[in-house]
Visitor: 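Handing you this structure, nothing more for now.
As a basis for the values below, the full set of heavy atoms in this structure was taken, side chains included, without hydrogen atoms, waters or symmetry mates.
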Amino acid sequence: MKVLVIGGGGREHALAWRLAQSDRVSRVFVAPGNGGTRSDARYECVDLSAPAELRAWAQKEKIGLTVVGPEAPLAAGVVDEFRAHGLRIFGPTQAAAQLESSKAFSKAFMKRHNIPTAEYEAFTDAVAAHAYVDAKGAPIVVKADGLAAGKGVVVATTLAEAHEAIDFMLLDNKFGVSHNEGGARVVIEEFLQGEEASFIVLCDGKNVTALATSQDHKRLQDGDEGPNTGGMGAYSPAPVVTAEVHARAMREIILPTIRGMEKDGIPYTGFLYAGLMIDAKGHPKTLEFNCRMGDPETQPIMLRLKSDLFEVFWHATDGTLDQVELEWDRRVALGVVMAAHGYPLSPRKGDRITGIPPEAPDAVVFHAGTTLEGSELTTSGGRVLCVTVLADSVKLAQQRAYAVAARIQFDGAQYRKDIGHRAVHARGSAS
């Protein structure tokens, strides 16, 4: 059967890579893909992005299953477009995708359904937002209400940083973000203490299957310093998600969300990613929802997955996820993101990439911001590659990943040297 993966980043490369291993899949198409998928005979890239164009192409090609990777096509209604024409697609509808595309919608939803999250207020007026920050004090979190490619969050440690973020997002609107009713809006939240983890599940509208736990590193530099990014690396499993935390997250956050969406008349299908903040007592709160798998969390998770991903998606689009039991490699998977010069604010493009080693059973370099210029691989985005490995421990995975990364060369390459540091001394985790 022919399968289409929509998107062009590292997450989509990893999904396509795992789908290509299914005996039931005859061909994997990626739209638009990247330099890695274009240079690999296992995939065929399609230069389309508009929902209606993708749907027409999928009908013509007789695509049996489509999987949506990034958030922008979901917010644009690609799932609604495909379903309206009888095509099988995995992802949330445009209405359900508001859990990610509008932070104000998401926060109001959580408040309405008693899902643990930080206190907040939403503002379109900068004067009112500034007054709120002055009343609450710092540290405080300022978020652009809309899709900002993982970079629309400022954790302000001082009042000056918070005021600057408000002006940046509301007055200047440097991200060019609009919420669903139009214009710029910010959500200002209380700062939560604890450790972050990525809790990702598959949903078919009623049933939920949890993926392996994972944790990413949002800050650009070692020691969690520097600006927030889309993610500089990740590992799975995440020791901070103990069996007890896992059970609480399912009971208090995930299942109430699925039931709440159903109650509100917006059944949720697709990936649901809850960014959790877990406090010292093991109590999780929801930082945000994403309506997709995380990137770079997808890369380690796909490396650990032993089940047939096509079969999983087939059940998910049939409404029979309750019949699925996922099988995981017991080893640790760890991914190191290699980013372009100038990332995250002004990544440089066009640098030549060399030294990527051949794929191995326990080491895969997934592409994100790459393109082919003739036969030459060059950088085309902020996060360029994700060097992903399997090993028996976090320390061994670190050693292996950094040995591979050291062989890869492009001008201005930057990557953290401490991915997985929180897990090195941790003990015991959920799968």
Side-chain angles (χ1 to χ4, degrees), residues 71 74-75 77 79-80 90-124 132 136 140-147 152-153 179-181 185-211 213 241 244-279 281-294 316 319 321-322 430:
E71 61 273 24
L74 297 170
V79 171
D80 310 71
F90 183 68
T93 61
Q94 187 176 38
Q98 288 181 93
L99 277 178
E100 176 171 7
S101 65
S102 172
K103 288 180 171 59
F105 173 92
S106 176
K107 295 294 286 190
F109 171 85
M110 286 188 268
K111 188 175 182 179
R112 189 164 64 249
H113 292 285
N114 299 312
I115 295 164
T117 190
E119 290 183 2
Y120 81 102
E121 290 291 342
F123 300 91
T124 55
Y132 181 79
K136 291 293 184 181
I140 198 162
V141 182
V142 183
K143 298 180 176 181
D145 182 26
L147 301 178
V153 177
H179 63 81
N180 289 11
E181 287 82 42
R185 180 165 62 188
V186 295
V187 169
I188 302 178
E189 296 182 354
E190 69 169 317
F191 173 76
L192 296 177
Q193 294 276 9
E195 192 170 342
E196 286 190 50
S198 307
F199 199 94
I200 308 172
V201 301
L202 301 113
C203 314
D204 66 10
K206 291 183 179 294
N207 304 299
V208 176
T209 297
L211 295 176
T213 63
V241 185
E244 183 180 347
V245 170
H246 194 285
R248 288 190 74 133
M250 288 292 288
R251 183 174 67 248
E252 298 174 10
I253 295 170
I254 299 298
L255 292 176
T257 298
I258 301 306
R259 305 290 175 260
M261 292 293 280
E262 191 175 21
K263 186 177 179 181
D264 290 353
I266 315 173
Y268 193 92
T269 57
F271 293 112
L272 181 65
Y273 170 135
L276 304 181
M277 182 65 80
I278 301 162
D279 69 17
K281 295 182 179 178
H283 297 162
K285 283 190 176 182
T286 315
L287 292 172
E288 64 177 358
F289 283 121
N290 292 324
C291 297
R292 52 183 167 80
M293 284 197 77
L321 265 179
D322 54 328

Visitor: Just say parallel, tilted or perpendicular for the rings of Phe109 and Phe105, cut-offs at 30° and 60°.
Guide: parallel

Visitor: Taking only Lys NZ, Arg NE, NH1 and NH2, and the carboxylate oxygens of Asp or Glu, determine whether Glu189 and Lys107 approach each other closer than 4.0 Å.
Guide: yes

Visitor: Which value, rounded to the nearest 0.5 Å, describes the distance between Met250 atom CE and Thr257 atom OG1?
Guide: 10.5 Å

Visitor: For Ala97 and Ala75, which heavy atoms make the closest approach, and how far apart are they?
Guide: CB-N, 4.4 Å

Visitor: Just how far is it from atom OG1 of Thr209 to atom CG of Asp204, taken to the nearest 0.5 Å?
Guide: 7.5 Å

Visitor: Kindly give the heavy-atom pair with the smallest separation between Ala104 and Ala122, and that separation in Å.
Guide: CB-CB, 4.3 Å

Visitor: At what distance, to the nearest 0.5 angstrom, does CD1 of Ile253 lie from CZ of Phe199?
Guide: 8.5 Å

Visitor: Give a yes or no on whether the backbone of Lys281 and the side-chain of Asp279 come within a donor-acceptor separation of less than 3.5 Å.
Guide: yes

Visitor: Considering non-hydrogen atoms only, spot the tightest contact between Cys203 and Ile258 and give its length.
Guide: SG-CD1, 3.4 Å

Visitor: Show your reasoning for whether side chain to side chain contact (heavy atoms under 4.5 Å, CB included) applies to Tyr273 and Glu100.
Guide: CA-CA 9 Å; Tyr273 170 135; Glu100 176 171 7; over 6 Å; no

Visitor: Could you tell me the separation between the OG1 atom of Thr269 and the CE atom of Met261, rounded to the nearest 0.5 Å?
Guide: 9.5 Å

Visitor: If you define the side chain from C-beta out and look only at heavy atoms, does anything of Ser101 sit under 4.5 Å from Gln94?
Guide: no

Visitor: Assign the ring pair Phe271 / Phe90 to parallel, tilted or perpendicular, where the plane angle (0 to 90°) is split at 30° and 60°.
Guide: perpendicular

Visitor: Taking Asp145 for its side chain and Lys103 for its backbone only, find out whether a donor-acceptor pair lies under 3.5 Å.
Guide: yes

Visitor: Under 3.5 Å, side chain of Glu196 to main-chain N/O of Met277, donor-acceptor pair present?
Guide: no

Visitor: From Leu202 CG over to Leu272 CG, what is the distance, rounded to the nearest 0.5 angstrom?
Guide: 10.0 Å

Visitor: On a heavy-atom basis, which atom in Val245 and which in Gly282 lie closest, and how many Å separate them?
Guide: CG2-O, 3.5 Å

Visitor: Counting only heavy atoms from other residues, nucleotides and ligands, does the tally under 6.0 Å from CD of Glu190 exceed 12?
Guide: yes

Visitor: Heavy-atom count around Glu262 CD within 6.0 Å, excluding the residue itself: above 12?
Guide: yes

Visitor: Evaluate the side chain to side chain contact (heavy atoms under 4.5 Å, CB included) criterion for residues Lys136 and Ile188: first the C-alpha distance (whole Å), next the side-chain angles of each, then the deciding distance (0.1 Å), finally the verdict.
Guide: CA-CA 10 Å; Lys136 291 293 184 181; Ile188 302 178; over 6 Å; no

Visitor: Checking Thr117 side chain against Thr286 main chain: does a donor-acceptor pair fall under 3.5 Å?
Guide: yes

Visitor: Which heavy atom of Cys291 sits nearest to which heavy atom of Leu74, and what is that distance?
Guide: O-CD1, 3.1 Å

Visitor: To the nearest 0.5 Å, what is the distance between NZ on Lys285 and CZ on Arg248?
Guide: 11.0 Å

Visitor: Locate the shortest heavy-atom distance separating Ala316 from Leu321; write the atom from each residue and the value.
Guide: CA-CG, 3.7 Å

